[in-house]
Novice: 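Please read through the structure below; I'll follow up with questions.
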Amino acid sequence: MLRTHYAGALRLGDIGTTVTLTGWVDRRRDHGGVAFVDLRDSSGIAQVVIRDEEVAHPLRSEFVLQVTGTVGRRPEGNENPSLATGEVEVVATDVVVLNSAAALPFQVSTGASEESGVVGEETRLKYRYLDLRRPAPAHAIRLRAKVNQAARRVLDDQGFIEVETPTLTRSTPEGARDFLVPARLAPGSWYALPQSPQLFKQLLMVGGLERYYQIARCYRDEDFRADRQPEFTQLDVEMSFVDQDDVIEVAEEVLVALWQLIDVEIPRPIARMTYAEAMTRYGTDKPDLRFAVELVDLTEYFADTPFRVFQAPYVGAVVMPGGADQPRRTLDAWQDFAKQRGHRGLAYVLVGADGELTGPVAKNLSEAERAGLVAAAGAQPGDCIFFAAGAASGARALLGAVRLEIGRRCGLIDESAWAFVWVVDAPLFKPVGEDDDVAVGGGAWTATHHAFTSPNPDWIDRFEEDPANALSYAYDIVCNGNEIGGGSIRIHRRDVQQRIFAIMGLGEEEAQEKFGFLLDAFAYGAPPHGGIAFGWDRIVMLLAGEPSLREVIAFPKSGGGYDPLTQAPAPITPEQRKEAGVDAKPRSAEKAPAETAAGSPPEA
RNA sequence: GGCCCCGUAGCUCAGUUGGUUAGAGCGCCGCCCUGUCACGGCGGAGGCCGCCGGUUCAAGUCCGGUCGGGGUCGCCA
């Protein structure tokens, strides 16, 4: 070892000891005759005193040093309470420059970030190896390791087997666009990177593993968000011979262990809410329960309204406390808020301090409606009532977004709270919309979760009777309005699977072509099974208190899937292109699946 | 794909109504400095104002386009 001690570990008890430290020059203060170097390693910072000017003078930020010296107590009054090692210092007898460092693109030293503002993300990512020397990024990556460790510990203790599944596989039936990899040995054919290990983990259940987990990299070729990366990580779990409660039980134990890492005790059991309740009360399937504002269903209240806009299948409202005094400009901004989400606008009524209703909508309401509105909406004098009318799903989605915005603007969200909830009983199917370019089958319905999600016990024998209302055996875990995990009990019976496919308009041939290997496996005694997958990056992000997934990924991509550090993706050479078979024409016999999926039924 | 915002020194930013030689803080380089810890002092270097085009006597500033970044909606079961 090049060192005897970690810099950040030195304490009064080490006084008198001769130590050798290694690390980087965090900062130096050169006084001519005596110089101070803050030496930083992974454990922290220690002050090194160098009395030889010849040695100290050439040192620069981020030089790599090996320092030998004696630990001494700092002179009276010279302690630095902001350093853990601030009561001591190392008086150097020998300083070896292990490496020099070029002038930095940005300041690495801790204090620097406060004085010259925050460094832009693109620069940080381009020099991520320097960024990682800074305390916050370093902490996030270390926390992530602890999170992995905690999950493994819980699952290992419960007899789960960690299994790696392929990353070169075939295009899976999940909703997102696949990343594709040309197969050199089969020109014209392509691998897909997995969107998740979904099918493989089910095969592992057929394989008798009974309890599987994996910290799995997943790939989806979709557009970016602060909370989305093209490659991301799931903690993937699957269990045999279980029902929903068993999976939830294991999932909660994992979550409890994770939040213990930041000294938060999650009360168990975590509350459950049906999907229908979440949509009705919060306008979303991932409600943020850190604040109490809820949607109010006023459809009945406005059943006979003269106001044409409210003559709709659904009329709902959400109350903004104290919102009555918003200036016109702000109320206009709410209109833009709604328009940006594809709605025509956002109706509102202002409730004056005296209870009088104002705003453009108020005069369109009947006398009786005005009289009872404040009570019906649960408003108070001084509040603003926002309305959305129309199809229930769209109107609730708008109100849900408004609710969140109200929470933010009014400071209603308790930032220190951790509000967990299971959202259960999601619909099994959703209508195929125009936007469903990735629909699996050609029918009127597509799976809400995925095609292998079982109907819940109430519906398993009769989901065909009412596909719109049939419920799935699925569950999502939501934390502070973030979906941090989701799973389901799977279909293990071939007849049920075929009935599901039938509803989705997926013929036997086509089903066989798309996931024949799974259906084949299910023919050989598939056990009842189910599981869950956690959004690992998002969970670490929450635990670290970071605003972006990028902060908890060692080498994240920036917008457009670009990596500023490696400059990937990059062009390939003509030779690579030829060899990879990118341009190979598929043989006519092997039609691309996408062409048969949408329109005509597969050949009989 | 739609909408919004941002591109000025290594970093973070300012730059007036279009008007002389484009500034600040930090960083960097040189010299000085024996108890600092955001050390201090003196001096210095550093700019394709993202790029292309247009308007104008004159463009960092106005207009059009383009590229890059961020956010958001669509999308992401």
Side-chain angles (χ1 to χ4, degrees), chain A residues 26-38 45-53 56-57 60-61 74-83 85-86 89 91 102-127 130 172-177 195-196 198 218-230 232 285 336-343 397-398 401 426-430 433-440 446-453 472 474 476 483 486-488 533 535 547-548 550 558-560 562 564:
Chain A
D26 189 79
R27 200 179 268 277
R28 81 201 148 92
R29 294 170 294 280
D30 189 344
H31 290 254
V34 63
F36 303 94
V37 168
D38 288 337
I45 285 175
Q47 174 167 283
V48 174
V49 183
I50 302 174
R51 297 199 183 275
D52 186 341
E53 181 62 11
H57 198 68
R60 293 292 181 273
S61 290
R74 291 199 187 188
E76 180 85 34
N78 279 358
E79 300 84 2
N80 182 353
S82 60
L83 281 183
T85 60
E89 60 191 7
V91 181
L104 302 164
F106 55 84
Q107 287 151 259
V108 172
S109 175
T110 321
S113 50
E114 294 150 25
E115 68 199 32
S116 59
V118 182
V119 181
E121 187 169 55
E122 207 185 353
T123 308
R124 288 177 51 207
L125 293 186
K126 183 171 180 184
Y127 301 96
L130 292 178
T172 51
E174 288 154 294
R177 202 174 290 116
Q195 296 179 27
S196 78
Q198 180 63 36
C218 308
Y219 307 86
R220 294 180 189 176
D221 189 6
E222 294 292 340
D223 285 357
F224 282 66
R225 288 296 160 74
D227 63 350
R228 216 186 284 165
Q229 284 270 305
F232 62 98
D285 60 354
D336 293 336
F337 179 89
K339 282 175 187 158
Q340 223 203 345
R341 283 162 177 75
H343 298 84
L398 175 58
L428 191 55
F429 302 108
K430 62 187 176 190
E434 298 162 358
D435 52 339
D436 280 307
D437 54 342
V438 291
V440 174
T446 182
T448 305
H449 205 63
H450 59 63
F452 310 109
T453 296
S472 67
D476 285 346
E483 185 197 325
S488 64
S548 165
R550 296 169 194 167
S558 72
Y562 183 71

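Letters go in sequence order (proteins before strands), and every chain restarts at 1.
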Novice: Looking across every strand, which nucleic acid part, if any, lies under 4.0 Å from A:E79 by heavy atom: base, sugar-phosphate, or nothing?
Specialist: base
Novice: Looking at every strand, decide which applies to A:P75 at a 4.0 Å heavy-atom threshold: base, sugar-phosphate, or nothing.
Specialist: base
Novice: Does A:N78 put a side-chain nitrogen or oxygen below 4.0 Å from OP1 or OP2 of B:U36?
Specialist: yes
Novice: Would you give the length of the straight line joining atom CZ of A:R177 to atom CD of A:Q195, rounded to the nearest 0.5 angstrom?
Specialist: 10.0 Å
Novice: If only side-chain N and O atoms of A:R27 are considered, is one of them under 4.0 Å from the OP1 or OP2 phosphate oxygen of B:C39?
Specialist: yes
Novice: Are there any protein N/O atoms within less than 3.5 Å of an N/O atom in nucleotides 66-73 of chain B, and if so, which ones and at what distance?
Specialist:
unit_1 : atom_1 : unit_2 : atom_2 : d
B:G69  : OP1    : A:G559 : O      : 3.3
B:G70  : OP1    : A:R550 : NH1    : 3.1
B:G70  : OP1    : A:G559 : N      : 3.0
B:G70  : OP2    : A:G559 : N      : 3.1
B:U72  : O2'    : A:Q340 : OE1    : 3.3
B:U72  : O2'    : A:Q340 : NE2    : 3.3
B:C73  : OP2    : A:R225 : NH1    : 3.4
B:C73  : O2'    : A:Q340 : O      : 3.3
B:C73  : N4     : A:R225 : NH2    : 3.3

Novice: Tell me if the side-chain of A:E89 makes a donor-acceptor pair with the base of B:G35, cut-off 3.5 Å, by modelled atom types.
Specialist: yes
Novice: Roughly how far, to the nearest 0.5 Å, is CD1 of A:I45 from CG of A:N80?
Specialist: 9.5 Å
Novice: Could you check whether A:R341 makes a cation-pi contact with A:F337, meaning its NZ or CZ is under 6.0 Å from the centre of the six-membered ring and within 45° of the ring axis?
Specialist: yes
Novice: Taking atom types as they are modelled, would you say the side chain of A:Q47 forms a donor-acceptor pair with the base of B:U36 within the 3.5 Å cutoff?
Specialist: yes
Novice: Can you tell me if A:F106 is stacked onto the base of B:C11, using a 5.5 Å centroid cut-off and an angle below 30°?
Specialist: no
Novice: Mind checking if A:G120 touches a base, just sugar-phosphate, or nothing, with heavy atoms under 4.0 Å?
Specialist: sugar-phosphate
Novice: Are side-chain N/O atoms of A:R29 and A:Q47 paired as donor and acceptor at under 3.5 Å?
Specialist: yes
Novice: Within the structure shown, what part of the strands sits under 4.0 Å from A:E483 by heavy-atom distance: base, sugar-phosphate, or nothing?
Specialist: nothing
Novice: I'd like a list of close polar pairs between nucleotides 28-32 of chain B and the protein, N/O only, cut-off under 3.5 Å.
Specialist:
unit_1 : atom_1 : unit_2 : atom_2 : d
B:C29  : OP1    : A:R60  : NE     : 3.1
B:C29  : OP2    : A:R60  : NE     : 3.4
B:G30  : OP2    : A:R60  : NH2    : 2.9

Novice: With a 4.0 Å cutoff (strictly under), does any side-chain N or O of A:R29 reach OP1 or OP2 of B:U36?
Specialist: no
Novice: Just the rounded figure in Å: distance from C1' of B:C75 to CZ of A:R220.
Specialist: 12 Å
Novice: For A:F337 and B:C4, what is the distance between atoms CZ and C1' respectively, to the nearest whole Å?
Specialist: 14 Å
Novice: With A:A447, which residues qualify under side chain to side chain contact (heavy atoms under 4.5 Å, CB included), at least two apart?
Specialist: A:M504
